[in-house]
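Following: one structure in structure tokens, then a few remarks.
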There are 2 protein chains.
Amino acid sequence: MAPGTARTPLSSHRLIAAAVDLADEAGIDAVSMRALAQRLGVVPMALYKHVASKDVLLDGMVDLVLAEVEAPDPALDWRAAVRARVLGARRAVLRHPWARRAIESRTHRTAVVLAHMDAVARHFLDGGFSPDLTHHVMHALGNRIWGFSPELFEEGPAGDAPAPDPEQQAAVARELAQRFPGILAIATAATGGDLSSVGQGCDEQFEFEFALDLLLDGAERLQRSGWASTAHP
Amino acid sequence: MAPGTARTPLSSHRLIAAAVDLADEAGIDAVSMRALAQRLGVVPMALYKHVASKDVLLDGMVDLVLAEVEAPDPALDWRAAVRARVLGARRAVLRHPWARRAIESRTHRTAVVLAHMDAVARHFLDGGFSPDLTHHVMHALGNRIWGFSPELFEEGPAGDAPAPDPEQQAAVARELAQRFPGILAIATAATGGDLSSVGQGCDEQFEFEFALDLLLDGAERLQRSGWASTAHP
DNA sequence: ACGCTAGGCGTACGCTGTACACCTCGTCAA
DNA sequence: TTGACGAGGTGTACAGCGTACGCCTAGCGT
């Protein structure tokens, strides 16, 4: 840097924000201490004056994403509130596609993470759920409280040739039909019977809300029936 | 190696089995190509004559774990069959604690992986579920078909000092009560009101079966009511 | 005026996956 | 019997990673 041009000083916050930008642009794998330092016009080791390790950097990135989720209207009943908060988290996570993997990889629970979990738990408690039932229901929701579902059919970068060869594709379909008829059936169901677009994936948003509602339905039913854990202390 | 002592030749299978052993003993992070090669008395690059990359090695490891799950009695009805198969997968995964992370990290679906998914799907289809409903229910189950739940409260290596200081612990509890009352409530519910063992985690097996049954209940209800996706093509 | 310290710099270490060239066997055809 | 060939083990090397450690300098408080 040329002398005389004072550089905006680094800070933990600026650093984390830059990391989020970098991840948004180039994916989470592109976020290395070296790459991040270069983007900030600084030597790699300079970063360590502001974050203790890459792990806490990632913690900070997750916090920043979670800070984007807006709180639901307090007038909503428990079910609408949970739904709103979770779908809000989903919107935030979808804005940062790397966030899913980042959240899953975190081992420490930061205050921001705890705050989100706490908020969800309180929706249930305020709605009349027992702490016990709330606990189990939170477990049942699992990662879904962050707005994403455990990815079952996730595709890779999806950058392959889309339809390399109809002949070959037919062969794949035949093989699939013979060896995995169940998968074929549900895959074609997803595409309305169109065999040619089987690998296309499905409406993730629909699947997410379907599963979320299924779980909330079940929770509601248990709560109404005065569920209490029996086999469990 | 001393001359004259013929070494059992490497093979893709032997290699994968050794990797599984290594992961069982030392964790998945200890499975590096170098460490694996050393364990086999061979130079790292020798492994690449039998596996194309570390990724396909991991695929193979997952396949080997999945090969351990036993098929359920064909006489069972759909619900018992799904339950049995999933809990069978769970037993296999629990025998290899690294398998959870390994499965989540896989991006390719091997034949063995597809076979498991296919088997689960067929339980539903054979039970009278429409392909459509089966599809959504499979999504709702998500990673749970592998026998583990999306980890919400997972603890780290749990090797820290168990109770460093009662005074300090009380401070933590006070802080928790103020900032995250919801979490405190459900955490104490899990331990029967025992504040001192809050960080201890809970009965994972119970939580897993609770969530599984919640989902299967919901699925059953939808199937009985002749559910068909409406808003969805 | 002086020393302290926050913060940026440079070097270096040990680790990772793996590309590439080589070398050495066992097998099989001529 | 010989000669080619391919499977499989070896060695070296590269680029990248996180980060420990020491130095150096500008700004600030006393």
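Just so you know, these numbers come straight off a predicted model, no measurement behind them. Below, chains carry the letters A, B, ... as their sequence lines are ordered, and counting in each starts from 1.
As a whole-Å value, the separation of Gln38(B) CD from dT16(C) C1' is 15 Å. The CG atom of Leu40(A) sits 14 Å away from the C1' atom of dG7(C) (whole-angstrom rounding). One interatomic measurement links the two molecules: OH of Tyr48(B) to P of dT12(D), which rounds to 18 Å at whole-angstrom precision. Taking atom CZ on Arg14(A) and atom C1' on dG8(C), their separation rounds to 13 Å, with Å as the unit. Between Leu10(B) atom CG and dT10(D) atom P there is a gap of 9 Å when expressed in whole angstrom units. Rounded to an integer number of Å, the gap from CG of Leu47(A) to C1' of dC9(C) is 12 Å. Separating the NZ atom of Lys54(A) from the P atom of dA20(D) is a distance of 15 Å, rounded to the nearest angstrom. Residue Met33(A) contributes atom CE, which lies 17 Å from atom C1' of dC13(C) at whole-angstrom precision.
Residues Asp63(A) and Thr110(A) bring a donor and an acceptor atom of their side chains to less than 3.5 Å of each other.
Take the nearest nucleotide of DNA chain C for His50(A) and for Asp29(B): the residue whose nucleotide is more 5' is His50(A).
Annotation for Gln205(A): atom CD counts as buried by contact number, over 12 foreign heavy atoms lying within 6.0 Å.
Listed candidates were dG10(C), dT12(D), dC17(D). Nearest to the side chain of Met45(B) is dT12(D).
Contact of Arg34(B) with dG17(C) (side chain to base): a donor-acceptor pair of N or O atoms is detected under 3.5 Å.
Lys49(B) comes within 4.0 angstrom of a nucleotide base, judged by non-hydrogen atoms across all strands.
A salt bridge links Glu209(A) with Arg83(A): the closest approach of a Lys/Arg side-chain nitrogen to an acidic carboxylate oxygen falls below 4.0 angstrom.
Residues Phe210(B) and His139(A) form no side-chain contact, since every pair of their non-hydrogen atoms from C-beta on lies 4.5 Å or further apart.
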